Each structure stands twice: as C-alpha cells, then as structure tokens.
Amino acid sequence: MTPRLILALALLSASVAGWAQGAPLPDWERLTPQQREALIAPVRDRWNDAPPPQRERMLQHGQRWQSMTPEQRELARRGRHRFENMSPEQREQARALFAQMRELSPAQRDELRERWSKMSPEQRQEWLKANPVKDLPPPPKR
C-alpha cells in the first residue's frame with residue numbers, strides 16, 4: 001500500500017472510533033436484545049439470589065429512584081461513591097449513624113451531626129458501643 005493510502009485509512013479509522021465514542025447512546029427501545037440483556041443480567045442475578053426482605057428493599061429503592069429529580073439522583077450517586085471509598089471502619093460508623101438518624105427529628109439530626117463532628121475517635125467508638133445498629137441489613141455483596 002502507498003503511504004498516502006495508509007495515512008487515509010488511519011485517519012478514517014481514527015475518526016470512526018472517535019465518532020463511536022462520542023455518539024449518544026440510543027434510547028432503550030433502540031438497544032439490541034443483546035445490549036438490553038447485558039444491562040439487565042446483573043440485576044436479575046442479584047434479585048434471584050436475594051431473600052424476600054432484600055427483594056422488597058430492592059423494589060422500594062427502584063421506585064424511590066424513579067421519583068427522584070436529576071439533582072437528587074446526582075447527590076445519591078455522590079454519596080454512594082463517597083461510601084464506596086470509605087474504610088471498613090468508616091462504613092460501619094456511617095451505617096450506625098444512618099440507623100440512629102432515621103429515628104430522629106430533623107433538629108435532633110442536626111444536633112447529632114454537630115456532636116459527632118466534635119467527638120474524638122475514642123468518643124466515637126464509645127458512642128458506637130452505646131448505640132448498636134438494630135435490624136440494619138448487611139451490606140450488599142458486590
């Protein structure tokens with residue numbers, strides 16, 4: 001092949017690859033059956049492996065997600081990423097705080113957040129011992 005032809009083919013393939021990466025993905029209705037299956041399979045597997053109480057939570061989470069605004073969804077994504085980057089100890093603390101805060105009024109939540117921010121690591125451990133997590137499901141397997 002001539003150098004000119006090789007250069008033309010290289011430029012053409014680069015532009016096609018760039019277009020494929022930058023092209024917007026189609027709506028659900030236009031996905032191929034294989035693409036849909038690739039998206040659904042992990043959720044189906046988690047559903048089938050889950051006991052009934054976890055299935056109920058999964059369904060509630062899906063319904064809640066559908067009712068969220070785009071801004072609320074973005075905040076939820078950020079929170080999930082922050083949680084995923086925590087150490088196991090930090091995750092356990094977050095779970096305990098979350099469980100406790102579910103039972104408090106907004107004013108009581110603010111007060112607990114303020115107290116927590118001022119606690120030393122030792123004080124936080126004492127608080128965790130005094131406020132064990134009740135009936136909180138185990139963390140999801142990933």
Side-chain angles (χ1 to χ4, degrees), residues 1 3 5-142:
M1 271 198 255
L5 182 58
I6 292 172
L7 179 61
L9 288 172
L11 289 173
L12 180 61
S13 67
S15 66
V16 169
W19 176 81
Q21 290 175 353
L25 296 172
D27 289 336
W28 181 263
E29 293 75 22
R30 294 191 178 201
L31 292 175
T32 66
Q34 295 82 10
Q35 290 170 320
R36 290 181 189 183
E37 178 60 25
L39 292 166
I40 292 173
V43 176
R44 182 182 52 237
D45 293 342
R46 282 183 57 204
W47 179 271
N48 288 337
D49 293 343
Q54 189 175 349
R55 287 181 181 184
E56 181 65 31
R57 281 192 309 279
M58 289 170 70
L59 184 59
Q60 289 171 355
H61 289 177
Q63 291 168 337
R64 188 170 60 223
W65 185 262
Q66 291 298 316
S67 69
M68 288 178 163
T69 65
E71 294 80 19
Q72 290 170 323
R73 289 179 183 182
E74 182 56 31
L75 284 173
R77 282 186 197 99
R78 280 193 233 147
R80 186 192 79 225
H81 291 300
R82 195 171 70 233
F83 185 81
E84 288 171 347
N85 291 322
M86 290 179 179
S87 70
E89 181 180 298
Q90 290 171 319
R91 287 182 186 192
E92 191 57 39
Q93 290 178 1
R95 284 188 190 99
L97 277 171
F98 180 77
Q100 182 72 26
M101 287 195 180
R102 291 179 100 174
E103 301 171 5
L104 301 177
S105 70
Q108 291 170 320
R109 288 180 197 154
D110 291 342
E111 192 270 329
L112 179 55
R113 273 190 211 98
E114 182 68 25
R115 271 191 306 151
W116 184 265
S117 69
K118 294 177 180 177
M119 288 182 195
S120 68
E122 295 80 21
Q123 290 171 320
R124 289 179 179 180
Q125 286 303 319
E126 288 300 316
W127 185 92
L128 289 170
K129 288 177 187 171
N131 297 279
V133 178
K134 303 173 254 176
D135 301 327
L136 196 64
K141 296 176 185 171
R142 296 205 181 234

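What you are looking at is a predicted structure, and each value in this text was computed from that prediction instead of being measured. When a residue number appears, it is its place in the shown sequence, counting from 1.
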For P26, the side chain to side chain contact (heavy atoms under 4.5 Å, CB included) test, sequence neighbours excluded, returns R30, L31
Mind listing the closest non-hydrogen atom pair of A76 and W65 along with its distance?
CB-CZ3, 3.9 Å
Tightest non-hydrogen contact, residues Q72 and S67, listed as OE1-O, 4.3 Å
Do Q125 and Q93 pass the side chain to side chain contact (heavy atoms under 4.5 Å, CB included) test, and can you show the C-alpha distance, the side-chain angles, and the key distance before you say yes or no?
CA-CA 9 Å; Q125 286 303 319; Q93 290 178 1; 3.5 Å; yes
Are R91 and R95 close enough, and set up right, to give a side chain to side chain contact (heavy atoms under 4.5 Å, CB included), and what steps lead you there?
CA-CA 6 Å; R91 287 182 186 192; R95 284 188 190 99; 3.8 Å; yes
Ignoring hydrogens and angles, write down the donor-acceptor pairs under 3.5 Å from the side chains of residues 34-43, residues two or more places apart or on other chains.
from : atom 1 : to  : atom 2 : distance (Å)
Q34  : OE1    : T32 : OG1    : 3.4
Q35  : OE1    : T32 : N      : 2.8
Q35  : OE1    : T32 : OG1    : 3.4
R36  : NE     : W28 : O      : 3.2
R36  : NH2    : W28 : O      : 2.9
R36  : NH2    : E29 : O      : 3.1
E37  : OE1    : R44 : NH1    : 3.4
E37  : OE2    : R44 : NH1    : 3.3
E37  : OE2    : R44 : NH2    : 2.5

Using a 4.5 Å cut-off on heavy atoms from C-beta on, say whether the side chain of K118 contacts that of E114.
yes
Tell me the closest heavy-atom pair linking W116 and R124, and the distance in Å.
O-NH2, 3.0 Å
Give the intermediate values and the outcome of side chain to side chain donor-acceptor pair (under 3.5 Å) for residues E89 and S87.
CA-CA 5 Å; E89 181 180 298; S87 70; 5.8 Å; no
Show the numbers, then the answer: is there a side chain to side chain contact (heavy atoms under 4.5 Å, CB included) between D110 and R113?
CA-CA 5 Å; D110 291 342; R113 273 190 211 98; 2.8 Å; yes
What distance separates M68 CE from Q63 CD, expressed to the nearest 0.5 Å?
12.5 Å
Reported CD-to-NE2 distance for the pair E84 and H81, which is rounded to 0.5 angstrom:
6.5 Å
Closest non-hydrogen atoms of Q90 and M86, given as atom of the first, atom of the second and distance, are OE1-CA, 3.4 Å
Atom of W47, atom of L59 and distance for their closest heavy-atom approach:
CZ3-N, 4.4 Å
From CZ (R64) to CZ (R57), nearest 0.5 Å
11.5 Å
I'd like to check Q66 versus R73 (side-chain heavy atoms, cut-off strictly below 4.5 Å). Are they in contact?
yes
Determine yes or no for a side-chain-to-main-chain donor-acceptor pair under 3.5 angstrom, with Q108 supplying the side chain and S105 the backbone.
yes
On a heavy-atom basis, which atom in Q123 and which in M119 lie closest, and how many Å separate them?
OE1-CA, 3.2 Å
Check against side chain to side chain contact (heavy atoms under 4.5 Å, CB included), E74 and E71:
CA-CA 5 Å; E74 182 56 31; E71 294 80 19; 5.8 Å; no
Under 4.5 Å between any side-chain heavy atoms of E92 and L128, yes or no?
no
